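In this text the structure is predicted, and so the values were computed from the model without any measurement. For this chain, numbers begin at 1 and follow the sequence in order.
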Amino acid sequence: MEAEAQQRLRAMRMEAAEYYRGHGVPQRMEDALNTLFRQCPADLYGELANYLSKFSKAPVISKLVGRKVLDGVGQPTLEVETHCTVKNYERRICSVVMSSHFQTLVNALPETIEADEKERNNSVNTAVEWVNESLSTMLRDVKPTDQREVDKMLGEYFTKKVEEKEDIRKWEEKEKGSASCIPPAPTLPGEKKAAKQGKKVSIPEKMIPPAEPVESVLCSSLAIAGTSLAVAKAGATINRVPLYLHISLLKHDQDSPKEMTLPIPMVTVLNCEKTAKLKLVKEVMLIPPVHLSFKQGLERALDIQKEFIRLLDPPSKEPSPRAADSKKGKAQNTGKKPAQQASKRISHLGCPITGCDNLEQLLLLMQTACNNLSLELGKDMHLALNCAAHELTDYSKGKYEILTGTFKSPDEMVNMYVELIDKFPFIIALIDPLRKEDRQQWSNVCCALGSKCFLIAEDAATYISKLKIDQNLNVPTCSGVVLKYINQTKVSDLIELTGLLDGQRQITILGSPDGESSDDSLVDLAVGLGARFIKLGGLSRGERVTKYNRLLAIEEELAENRTLR
């Protein structure tokens with residue numbers, strides 16, 4: 001028995017020796033020990049582990065974990081965690097929290113709000129299910145550094161889901177058609193349908209192109225965008241580089257950039273209520289001049305915002321103590337709170353929200369705020385206006401309602417913008433000045449103002465999935481496009497689309513959706529893709545400020561590495 005045991009032990013040793021020789025372990029151990037002997041590191045075993053880890057297998061995805069969390073406005077959204085097998089151990093690498101893009105109108109009916117909330121919950125729940133089941137299984141053992149392969153698989157999966165939904169829709173329509181077999185009651189000769197009493201049919205003065213149908217978004221498509229970004233973030237972590245550098249390497253086929261630029265911020269300082277008299281402007285934004293660092297530009301924008309709010313809400317006169325005690329006995333507490341000043345309310349965009357009566361008065365007030373700080377608009381700071389023209393359209397009149405009761409046709413809107421920029425040349429960007437359907441007017445306004453200011457399409461641009469058609473951009477004639485990382489967008493889509501925009505000499509603006517989260521990956525995407533501007537909202541609310549702080553950190557890092565242009 002003892003002889004047999006010795007023989008088995010000898011065979012195992014020979015097998016182990018052959019196994020190690022086959023993997024080159026003895027030679028690599030000798031090289032490592034000789035190298036370490038010359039270096040004499042303080043942590044011998046740590047350095048030995050680092051040396052040998054270079055020969056380990058590349059990390060692969062082991063699983064994805066989807067989770068339902070809340071975004072910055074308390075609405076449900078999706079979190080995706082990436083777990084990888086690294087040196088035979090499963091580790092949680094990173095996670096991303098997606099920004100939701102569900103929009104409910106301010107004056108929506110209660111039943112509409114309830115239906116939207118139900119749809120939002122269903123969408124996020126299904127997205128969590130996709131991530132935890134189908135996508136986790138599909139991407140198992142795939143390298144997180146192989147972004148193109150991951151996005152290709154995600155695209156094929158999404159296409160399959162869209163086809164399944166279309167098949168279900170056709171089947172339901174067929175069933176519905178076969179069920180309704182009762183013919184309508186025939187109309188007797190000479191009989192006419194009764195018209196509804198008490199209603200007048202308003203005829204537009206001039207027909208305008210009807211609104212394009214809203215692109216249907218597949219429920220749970222958020223899972224595609226979340227998974228793609230989570231894998232990109234994991235790839236950056238595995239490669240031990242920042243996410244913005246990882247994105248830049250993907251865009252430029254692994255050629256490390258010698259210099260990188262930061263996007264110029266569009267800082268929202270005022271969110272105008274569409275229910276107020278002035279309806280033309282949704283956001284007033286500050287754009288720092290290019291010669292300032294990001295930090296300097298942000299500080300200047302903050303100073304201007306403070307001064308602007310001070311002018312917007314002059315301090316109210318408080319009653320003197322003597323007047324307060326003039327009544328008999330102690331002052332009674334009525335239980336009513338004093339009316340809150342309009343600009344003290346903070347919108348979901350992270351800036352004060354107020355109603356305005358006149359655009360010219362608003363712009364002159366901004367000019368005064370800059371003058372009080374010894375700054376000149378047009379030189380020390382620039383302005384941008386988000387007009388959100390798609391929210392102004394009165395289809396019964398075929399016009400835009402720019403002020404309460406004041407309407408303008410698309411051609412009149414073009415003339416109005418020309419006069420506005422001539423009078424206030426410090427406005428260097430107009431976002432969504434027209435509906436996307438008014439393509440002729442987009443072309444006209446670009447011809448008239450293209451050399452004076454940027455004409456940017458945000459909601460006037462379709463979803464990213466429909467922006468690219470046969471290497472052409474499906475957008476009106478414009479200076480640039482605001483891209484949002486939402487729904488089924490993939491990292492590879494953004495890389496391809498920004499390359500196309502660069503080739504056509506159009507500017508790229510990365511913008512945050514209304515339902516923003518505290519995840520700051522959007523900033524790294526903007527830097528890595530080389531976006532010209534970034535639109536993050538205001539300088540309040542944690543989910544907004546987190547991204548500005550991330551830009552400050554990237555600026556410092558690039559300056560230290562001497563790669564900041």
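- For the atom pair CZ of Phe533 and CG of Leu510, the computed distance is 13.0 Å after rounding to the nearest 0.5 Å.
- Taking the six-membered ring where the residue is Trp, Tyr548 and Phe294 present parallel rings, their angle staying beneath 30° rather than reaching 60°.
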inquiry  = Assess the residue pair Lys63 and Glu81 against the criterion (salt bridge (Lys or Arg N to Asp or Glu O under 4.0 Å)); give the C-alpha distance rounded to whole Å, side-chain angles, the decisive distance to 0.1 Å, and a yes or no.
reply    = CA-CA 8 Å; Lys63 69 175 180 180; Glu81 281 184 2; over 6 Å; no
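- A donor-acceptor pair under 3.5 Å is formed between the side chain of Arg541 and the backbone N or O of Gly72.
- Closest approach of Asp520 to Lys547, counting heavy atoms only: CA-CG, 4.2 Å.
- For the pair Val65/Val131, no side-chain contact is recorded, criterion being any heavy-atom separation below 4.5 Å from C-beta on.
- Ile238 has its side chain within reach of Val86: a pair of non-hydrogen atoms, C-beta onward, lies under 4.5 Å apart.
- Not one N or O on the side chain of Ser134 forms a donor-acceptor pair closer than 3.5 Å with the backbone of Trp130.
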key: Derivation and outcome, salt bridge (Lys or Arg N to Asp or Glu O under 4.0 Å), residues Lys160 and Glu163   = CA-CA 5 Å; Lys160 181 181 176 183; Glu163 290 173 352; over 6 Å; no
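- When atom types are taken as modelled, the side chain of Thr137 and the backbone of Glu133 share a donor-acceptor pair closer than 3.5 angstrom.
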request  = With side chain to side chain donor-acceptor pair (under 3.5 Å) as the test, would you mind laying out the steps for Ser521 and Asp519 before giving the verdict?
outcome  = CA-CA 6 Å; Ser521 303; Asp519 193 286; 2.5 Å; yes
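- More than 12 heavy atoms of other shown residues, nucleotides or ligands fall within 6.0 angstrom of atom NZ in Lys251.
- Contact between Ile486 and Pro513 at its shortest, heavy atoms only, is CG2-CG, 3.5 Å.
- For the residue pair Glu543 / Ser517, no side-chain donor-acceptor distance below 3.5 Å is found, with atom types taken as modelled.
- Note on Glu307 versus Arg310: salt bridge recorded, some NZ/NE/NH1/NH2 to OD/OE distance being below 4.0 Å.
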inquiry  = Let's go through Arg544 and Ser512 carefully: what are the C-alpha distance in whole Å and the side-chain angles of both, what is the deciding distance for side chain to side chain contact (heavy atoms under 4.5 Å, CB included) to 0.1 Å, and is it a yes or a no?
reply    = CA-CA 9 Å; Arg544 307 279 172 181; Ser512 58; 2.8 Å; yes
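- No donor-acceptor pair closer than 3.5 Å links the side chain of Ser99 to the backbone N or O of Glu516.
- In summary, the side chains of Asn271 and Ser347 do present a donor paired with an acceptor at a separation below 3.5 Å, with no hydrogens or angles considered.
- Between Asp151 and Gln147, the side chains place a donor N or O and an acceptor N or O closer than 3.5 Å (distance only, hydrogens not considered).
- Counting only heavy atoms from C-beta outward, the side chains of Ile456 and Cys478 never approach each other to under 4.5 Å.
- Atom CG of Asn88 has 12 or fewer neighbouring heavy atoms from other residues, nucleotides or ligands inside a 6.0 Å radius.
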task = Applying side chain to side chain contact (heavy atoms under 4.5 Å, CB included), run through Ile534 and Ile509 and close with a yes or a no.
result = CA-CA 5 Å; Ile534 188 167; Ile509 303 102; 5.9 Å; no
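- Sparse packing is recorded around CZ of Arg148, with 12 or fewer heavy atoms of other residues, nucleotides or ligands lying under 6.0 Å away.
- In this structure, the side chain of Asn239 does not engage the main chain of Val241 through any donor-acceptor pair within 3.5 Å.
- Taking both residues in full, the closest heavy atoms of Cys351 and Leu270 are given as SG-C, 3.9 Å, listed atom of the first, atom of the second, then distance.
- In this structure, CZ in Arg550 is found 13.0 Å from CG in Leu536, a value given to the nearest 0.5 Å.
- Here the CD1-CG distance, from Ile247 to Leu525, works out to 5.0 Å after rounding to the nearest 0.5 Å.
- Contact annotation: the side chain of Asp141 never approaches that of Ile61 to less than 4.5 Å [non-hydrogen atoms, C-beta and beyond].
- Using a distance-only test at 3.5 Å, with no hydrogens or angles considered, a donor-acceptor pair links the side chain of Asp71 to the main chain of Val73.
- Residue Gln7 places its CD atom among 12 or fewer non-hydrogen atoms of other residues, nucleotides or ligands, all under 6.0 Å distant.
- At least one donor-acceptor pair under 3.5 Å links the side chain of Ser228 to the backbone N or O of Val491.
- When all heavy atoms of Ile346 and Pro352 are compared, the closest pair comes out as CD1-N, 4.0 Å.
- Ser53 contributes a side-chain N or O that, together with a main-chain N or O of Asn50, makes up a donor-acceptor pair within less than 3.5 Å.
- At most 12 heavy atoms of other shown residues, nucleotides or ligands fall within 6.0 angstrom of atom NZ in Lys152.
- Look at Asp459 and Lys282 and you find no salt bridge, because none of the NZ, NE, NH1 or NH2 atoms lies under 4.0 Å from a carboxylate O.
- A distance of 10.5 Å separates CG of Asp524 from CG of Leu529, quoted to the nearest 0.5 Å.
- The backbone N or O of Ala225 sits nowhere less than 3.5 Å from a side-chain atom of Thr489 that would complete a donor-acceptor pair.
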Val150/Lys490 under side chain to side chain contact (heavy atoms under 4.5 Å, CB included): CA gap, chis, key distance, verdict = CA-CA 10 Å; Val150 169; Lys490 302 180 290 294; over 6 Å; no
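- Formation of a donor-acceptor pair under 3.5 Å by the Asp432 side chain with backbone atoms of Ala388 is not found in this model.
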task = Go through Glu129 and Ser220 one step at a time and tell me if the side chain to side chain contact (heavy atoms under 4.5 Å, CB included) criterion holds.
result = CA-CA 9 Å; Glu129 185 181 318; Ser220 69; over 6 Å; no
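- The local environment of CD in Glu15 is sparse, with at most 12 non-hydrogen atoms from other residues, nucleotides or ligands closer than 6.0 Å.
- Val124 approaches Pro76 most closely through the heavy-atom pair CG2-O, 3.6 Å.
- Separating the CG atom in Asn386 from the OG1 atom in Thr268 is a distance of 8.0 Å, to the nearest 0.5 Å.
- Between the CG atom in Asn121 and the CD atom in Gln75 there is a gap of 8.0 Å [rounded to 0.5 Å].
- Two residues are said to be in side-chain contact when any heavy atoms from C-beta on lie closer than 4.5 Å; Met266 and Val482 fail this criterion.
- Counting heavy atoms from C-beta on, the side chains of Gln488 and Asp493 never come closer than 4.5 Å.
- Using a 4.5 Å heavy-atom threshold, the side chains of Leu522 and Lys484 count as separate.
- Val60 is listed as a side-chain neighbour of Lys143, based on a closest heavy-atom distance under 4.5 Å.
- For the residue pair Ser248 and Met260, the shortest heavy atom distance occurs at CB-CE, 3.9 Å.
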